[in-house]
**Q** 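Structure incoming, see below.
Just so we're on the same page: letters track the sequence lines, and every chain starts at 1. None of these values were measured; they are calculated from a predicted model.
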Number of protein chains: 2
Amino acid sequence: MLRREITAAIRDAVMHELAAVGYGRLSIEAVARRAGVGKTAIYRRWSNKLEMVLEIVTKVAGRKMPMPDTGTLRGDVEILLRILATALQHRLASQIIPDLLAEAARNPQIAETLHATLRGYSAELGTSLVGRAVERGELPPGTDPDTGVDVVLGPLYWRLAVARGPVDDAYLEHMADAVVAGLHASAASAVVPAVVPGAA
Amino acid sequence: MLRREITAAIRDAVMHELAAVGYGRLSIEAVARRAGVGKTAIYRRWSNKLEMVLEIVTKVAGRKMPMPDTGTLRGDVEILLRILATALQHRLASQIIPDLLAEAARNPQIAETLHATLRGYSAELGTSLVGRAVERGELPPGTDPDTGVDVVLGPLYWRLAVARGPVDDAYLEHMADAVVAGLHASAASAVVPAVVPGAA
DNA sequence: GTACGGCGGGACGCAACCGTAACGTCGTCG
DNA sequence: CGACGACGTTACGGTTGCGTCCCGCCGTAC
């Protein structure tokens, strides 16, 4: 029976170590040191650095993201931006996420795991955000949810994770306006003809 | 007199090694091996892994980005998206850029160098793209160039470097429409009052 | 009370790198 | 021709990490 507190300590140490040195430099010994644990305890649970990191990260990332329905597209977008901004400003997340994304560019197994998770979020987000807007009549049917997700998440991710610029309330407000306008425009320009019932 | 061909071989090897294993795992010995060069030749040029990478990367990134003036905001945006899409799909760039960005999150010196370069591009882009649109009357005066840059670059970066989804001509067209709309909206919602001469 | 199993600690042999130093080679300049 | 300097090679001692093994400790279940 593996002791839970030990497992928890290891998970915690992995996340911090990941943030501190990145996946490439992460060593089992450093994790053990930080967790105050013997290497044995780690190898008893996972057989690989890769396996260990993937299991731990997916377990963390698997937590459901809240996706409230505010009743308007603008409201949904704004709340989503706020959630994302908060998440991306957490110390651990802001270091681990870009690191794993970079690592995914060269490790197929990490890429698969990461992008599966991301696809999950995106799909959920696309259907709930764009889908509900379509139902409300705020966006035309046939709007592409994927493109919509890019428009919503891209700018804020760029600012927070790439440019590392400041984000305040006013910025989020303006961005929400811009995003909603962008959604309308991308929907309008997507000349995907609606399915006409009975047509050949 | 250090031999140029050797220096060039080392530069090349560093870029490839950076793409293959990332900054964290990059070793001088591996660079020397790949370049077909002795370690001595490397230490004769740089004293550090950090110094070496920074010098090489900034030299590569320092190449001027073409920023044509098409006469319309829509045209400028579209051509910019095409340039960015091409750049981000290059094998080396698509692996090195995210890697260094992730590394920047924990190495102040890399962060400083990278963000200085990025600020340079952004400033140039903001003044030329947004600035010219303002001069033409396509955007209201007082439009924030920084927010504009986020709106323009963010979505495409997200799709190419994060979600790793496909990008074709149609996508770029829709995205250009969305971005232009977003720029208008963010400009309109930015209630930065124009400076009234003579006001208190 | 005894057997069991997870635990930390420590040591193992092996491999990769670090940064430096001492060679001998080769092209170039004078 | 001779000196010089950049080069590749090899070796150095030292560090770090790997994955495995054994030890003695300790709580729990029987």
**Q** Begin with the C-alpha distance, continue with both residues' side-chain angles, and end with the deciding distance and a verdict on salt bridge (Lys or Arg N to Asp or Glu O under 4.0 Å) for B/Arg25 and B/Asp99.
**A** CA-CA 11 Å; B/Arg25 275 195 191 293; B/Asp99 183 83; over 6 Å; no
**Q** So, applying side-chain contact (heavy atoms from CB on, under 4.5 Å) with B/Val57, which one of B/Leu18, B/Thr113, B/Ile110 is it?
**A**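 Looking at B/Leu18, B/Thr113, B/Ile110, the match for B/Val57 under the side-chain contact (heavy atoms from CB on, under 4.5 Å) is B/Leu18.
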**Q** Whole Å only: how far is the CZ atom of B/Arg33 from the C1' atom of D/dT9?
**A**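 B/Arg33 atom CZ is separated from D/dT9 atom C1' by 14 Å.
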**Q** Flag the pair B/Arg119 and B/Glu124 as a salt bridge only when some basic side-chain nitrogen lies within less than 4.0 angstrom of an acidic carboxylate oxygen.
**A**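 Answer for the salt bridge query: no.
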**Q** If you count the non-hydrogen atoms of other residues, nucleotides and ligands that lie under 6.0 Å from CD in B/Gln109, is the total more than 12?
**A**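 No, because the 6.0 Å sphere around CD of B/Gln109 holds 12 heavy atoms or fewer from other groups.
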**Q** In residues 38-59 of chain A, which residues come under 4.0 Å of DNA chain D by heavy atom?
**A**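 Result for residues 38-59 of chain A: A/Lys39, A/Thr40, A/Tyr43, sorted by number.
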**Q** Taking B/Arg159 for its side chain and B/Pro166 for its backbone only, find out whether a donor-acceptor pair lies under 3.5 Å.
**A**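 Confirmed, B/Arg159 side chain pairs with B/Pro166 backbone.
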**Q** Quick test of your reading of the model: are A/Arg34 and A/Glu29 salt-bridged, counting only N-O distances below 4.0 Å?
**A**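 No, this pair does not count.
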**Q** Name every residue in residues 18-28 of chain A that has at least one heavy atom under 4.0 Å from any atom of DNA chain D, in order of residue number, or write none if there are no such residues.
**A**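 A/Ser27, A/Ile28, in order of number.
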**Q** Between A/Glu29 (CD) and D/dC18 (P), how many Å, whole number?
**A**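 The answer, rounded to whole Å, is 5 Å.
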**Q** What I want to find out is whether B/Glu17 reaches B/Arg33 closely enough, with some N-O distance under 4.0 Å, to be called a salt bridge.
**A**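 Judged by the 4.0 Å cut-off on N to carboxylate O distance, B/Glu17 and B/Arg33 do not form a salt bridge.
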**Q** Near DNA chain D, which residues from residues 2-15 of chain B have a heavy atom under 4.0 Å away?
**A**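 Here the set is B/Leu2, B/Arg3, B/Ile6.
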**Q** What I'd like to find out is whether the side chain of B/Val149 reaches to under 4.5 Å of the side chain of B/Leu129, using heavy atoms alone.
**A**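 Not touching, per the 4.5 Å side-chain cut-off.
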**Q** Are B/Asp144 and A/Tyr171 close enough that a side-chain donor and a side-chain acceptor fall under 3.5 Å?
**A**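 Not at all, the side chains of B/Asp144 and A/Tyr171 share no donor-acceptor pair under 3.5 Å.
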**Q** Name the residue closer to the 5' end of DNA chain C, choosing between B/Ala30 and A/Val37 according to the nucleotide with the nearest heavy atom.
**A**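 Whichever sits nearer the 5' end wins; that is A/Val37.
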**Q** Is the shortest side-chain N to carboxylate O distance from B/Glu51 to B/Arg45 below 4.0 Å?
**A**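 Here B/Glu51 does not pair with B/Arg45 in a salt bridge, since their nearest N and O are not under 4.0 Å apart.
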